[in-house]
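So you know, we letter chains A, B, ... as the sequences are listed, proteins then strands, and number each from 1.
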2 protein chains.
Amino acid sequence: MKGGKEAERTKPAPALRERAGTARPRMADVARIAGVSTATVSRALRQPELVSPQVRSKIDAAVEHLSYRPNLMAGALASARSKTIGVIIPSMINAFFSVTLEAIEEGLAGAGYQLLIGNSHYELESEERLIASMLAWSPAALVVTGCRHSRGAMRALLDTDVPIVEMWELTDNPIDTAIGFSQRDIGVAVARHFKERGAKRLGFVGAMHQRDYRADARRAGFFETAQSIGYEPPAEVQLPGLPTSVRGAKAFAELMAEHSDVDAVLCTNDVVALGALFEAQRLGWSVPDRLKICGVGDVDFAAACEPRLSTVSLPRRAIGLKIAEVLRERIAGRLPTGGVHDLGFELVRRGST
Amino acid sequence: MKGGKEAERTKPAPALRERAGTARPRMADVARIAGVSTATVSRALRQPELVSPQVRSKIDAAVEHLSYRPNLMAGALASARSKTIGVIIPSMINAFFSVTLEAIEEGLAGAGYQLLIGNSHYELESEERLIASMLAWSPAALVVTGCRHSRGAMRALLDTDVPIVEMWELTDNPIDTAIGFSQRDIGVAVARHFKERGAKRLGFVGAMHQRDYRADARRAGFFETAQSIGYEPPAEVQLPGLPTSVRGAKAFAELMAEHSDVDAVLCTNDVVALGALFEAQRLGWSVPDRLKICGVGDVDFAAACEPRLSTVSLPRRAIGLKIAEVLRERIAGRLPTGGVHDLGFELVRRGST
DNA sequence: TTGAAAGCGCTAACAC
DNA sequence: GTGTTAGCGCTTTCAA
C-alpha cells in the first residue's frame, strides 16, 4: 500500500489534496466546522482559559471529529520558536550521556517537547556545525556538553536568545547555565583515596586524551594531587582509540608489564576498569590486595562483577533532571539567568580498592 | 551577558529587529545584496546547477558576507517536508539502540539531516503518541522499532506518505520497509547450541516479558526448540523490572537454587548474562564445565570478562547503516518501496559455553 | 536562466 | 471573548 503511493510523492501538494478528501485537515477546517475564526481555534489550543467554555467545547469537538493535528512547522514559523530542544552530546554510545538524555526527556515529559539530538564525536568543529544547524530550528533551548567550544560556536551561543545549558562540566563563566560537576576533582579524590588505602605507586590508564578534554581534566587532577601528596608521577598508558574493555585489558597488561611496582590504578572509566579487572584476574594479580583498581562512572556492571568495582558515581541522571527543571523555568520566562549548578560526584568504594 | 537579554525575549520580533541591525539575515537580504530575486537565491542554495555561475558566485558572496543561514522552519513549511528523521526507540539507555542510532547518523552524515529522537519506554501507546507528534514535523522519514504497533499507530503509519522503516525485527507484512533479523531464531540457535555442547537441562533468565515482545520472541524460540529436540521445558526466572547485572545475578542465584540440575542458561541479554556469570563465580559453579551461560547482544564486556561470554552478536551497527542507505534512496525518490532486509545474527562461542 | 506572485498553516497584534 | 488582518521566511509554479 505504501509502495503504491510512491509515484505521487513528487506531485504537487494540491494534486494530492484534490485527489480525495484525504488531506490533512488545517486549522481553518476546524474553525469552519466550529463556526469560529482560526485565531480562536489557535487560542483554544494553546491558552484554553482565554476562550469561553461553550466555544471551547465546539472546537474540541471539531478537532476530535477531524482528528486535527496542528502543523508544528507553521506554528513554529509564525511564533519564531519551536517545541524542540536541541541536545549535543559527544557520543551516543557512551551510556553516561544516554542516561542524561533519558532523564532530560523524562523531566520534560508531557510538555510536548521533541529532542533534536546531535553527535559531535568529541570534535569541536563538529559541535560548531551542529549548533548552527540546531539554532536554525529555533529550538526552545539548546543543551551542549562541556564548556569548551570553538570560537565560532561560542559566538553563535552568545549571540542567540535561545536558552543555553552547558552540561557535564563546571565553569566560572557559563554562557548561560552550567549543570555538572568538577571533572578535575574526581582525579583529586581518587588519588587521595589510593593514599588512604596505602598504595605506594600509582598508575593510570587513559584514552582519547587529545579529544576528550573532560577525561583529561580528571587525569590532570589525579597526577597533580598524586605528586602533591608525595607520590612520584603515576605510570601511564593511553588506549589507542575509543575506550573499550578489550583495549582496557590490553593496556593494563602493558602498564603492569612495564611497571610491576604499581599497586593502584585509576582507569579513565568503568569500561576500561573492568577490562583491567578481568585481565588482572587472568594474570593472577590479586585485587585489591596486591593491586587496587578504580574506575569512573559507576556503570551497572561495576556493582555486579567480582570483586565489585570501586568507582566514582556521576550524577548522570540528576544532570538530566536538573536540566529539565531549569529549562521549564527558563522557557516559561521565569528565572532570568541560569547560573552554575554543581551536582557533585561520589567515590564508591567496593571490593577492588 | 545572556542574562541581560532575558527581558527582551518576550518582546515582539519586530522590536528586536529594529533595535539594531543585529537581526538574523533573511533570504531577502541575500537577494537584495546579490541583486537577484529570492527565488534565485533559493535555487542557488538547493539546486545550484540551475543557476548561472556568475549569479551563483554573487549569491555565495552575499551569503558569506551576511553569514546567512536559512530558516529551516520556513523552508519546511513551504515545501511541506523537513530535513528531519524521526527515530523512535524503546529505550535510550539500552546500548543496542544507541549503536544503531549512531550508525544511522553516520550513514546520513553530511546530508544535513537532524535526528528527532523519541523514547517509547517499551510502551505501544507511548509509541503511538510519538508517531503522531513526529509526523507533525513532516520528517523526511520515520524509523520505528519493531513491527508491532497499536491500532492508532498503525493507521497513522499507513496513512502517511513519509517513508517508514521498522527496525530490529522482521515481518511478512512491513508497513513499508523492515530492517532487522529474526528474534525468534536466536532462541532456536541457542537451544541447538546447548544441545551440541551436551547440556542436559536448560534454564532461562528473562526480563520484561510483558513489555518487550522481541525478547519474548527469543524466549519462545528457545522454549519451543528445546522441547522439539528432546529437552523438558527450561527452568525459568523473570527479573522484576529492567534488566541489570545486579538483578541478573540475583535471579540467576534463585534459578539455580530451585533447579540445581540446570547446566545451561540462556539470559535474555548480555547485561543479565554477565551478572549470572559473576554470580556463578561467587557461588562456585564452574563455567563452562558444570554450567554453561549464554547471553544475547555481544556487548563490549562480553569479550573481556573471564571466562569470556558466549553470546549472540546482533547487527546493531549494520541495521543503522542499512537504514541510512535505504533512506537515502527512498528520500531521493529512487527505490519505490522498501521491502524486508534480514541482516542476520551470529552465535559467538567463547569461554562460557 | 531568472523573476513575480501566490501561498505553506499558523500566530499575534489590534480592534471590536 | 472573539474576529480581522498581517505577516513568519521560504518554495514553487508560471510566465518571461
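Across the protein-nucleic acid pair, A:N71 atom CG and C:dG7 atom P stand 17 Å apart, rounded to whole Å. Distance CG (A:L50) to P (C:dA13): 13 Å, rounded to an integer number of Å. The distance between atom CE of A:M73 and atom C1' of D:dG9, rounded to the nearest whole Å, is 13 Å. Here C:dC8 presents its C1' atom at 10 Å from CZ of A:R26, a figure rounded to the nearest Å. Taking atom OH of B:Y68 as the reference point, atom P of D:dG9 lies 10 Å away to the nearest angstrom. Here the P atom of nucleotide D:dG9 and the CG atom of B:L45 are 16 Å apart, to the nearest Å. As rounded to whole Å, 15 Å separates atom P of C:dC8 from atom CZ of B:R81. Atom CD of A:E49 and atom P of D:dG1 are 10 Å apart (whole Å).
Residue B:V41 is out of contact with every strand shown, counting any heavy-atom pair closer than 4.0 Å.
Relative to the side chain of A:A78, the nucleotides C:dG3, C:dA12, D:dG7 differ in distance, and D:dG7 lies closest. Taking the side chain of A:V51 as heavy atoms from C-beta on, and the options D:dT2, D:dG3, C:dG3, the nearest nucleotide is D:dT2. Checking D:dC14, D:dT2, C:dC10 against every side-chain atom of B:R43, the shortest atom distance belongs to D:dC14. Of the listed nucleotides (C:dC10, D:dT2, D:dT12), D:dT12 has the atom at the smallest distance from the side chain of B:S79. In this structure, the nucleotide among D:dG3, D:dG1, C:dC10 sitting nearest to the side chain of A:A39 is D:dG3. Side chain of B:M27, nearest nucleotide from D:dC10, C:dC8, C:dT1: D:dC10. Checked against C:dC10, C:dG3, C:dT2, the side chain of B:S37 finds its nearest nucleotide in C:dG3.
Between A:T38 and D:dG3 there is no side-chain polar atom (N or O) within less than 4.0 angstrom of OP1 or OP2. Listed pair B:T40 / C:dG3 meets the phosphate criterion, a side-chain N or O lying under 4.0 Å from OP1 or OP2.
The minimum heavy-atom distance between B:E166 and B:P174, with the atom names listed, is OE1-CA, 3.4 Å.
Checked by atom type and distance alone, the side chain of A:R69 never pairs as donor or acceptor with a backbone atom of A:V63 at under 3.5 Å. Checked by atom type and distance alone, the side chain of B:S79 pairs as donor or acceptor with a backbone atom of B:G75 at under 3.5 Å. A donor-acceptor contact shorter than 3.5 Å is absent between the side chain of A:R43 and the backbone of A:P48.
Counting non-hydrogen atoms of neighbouring residues, nucleotides and ligands closer than 6.0 angstrom, the CD atom of B:E49 exceeds 12 such neighbours.
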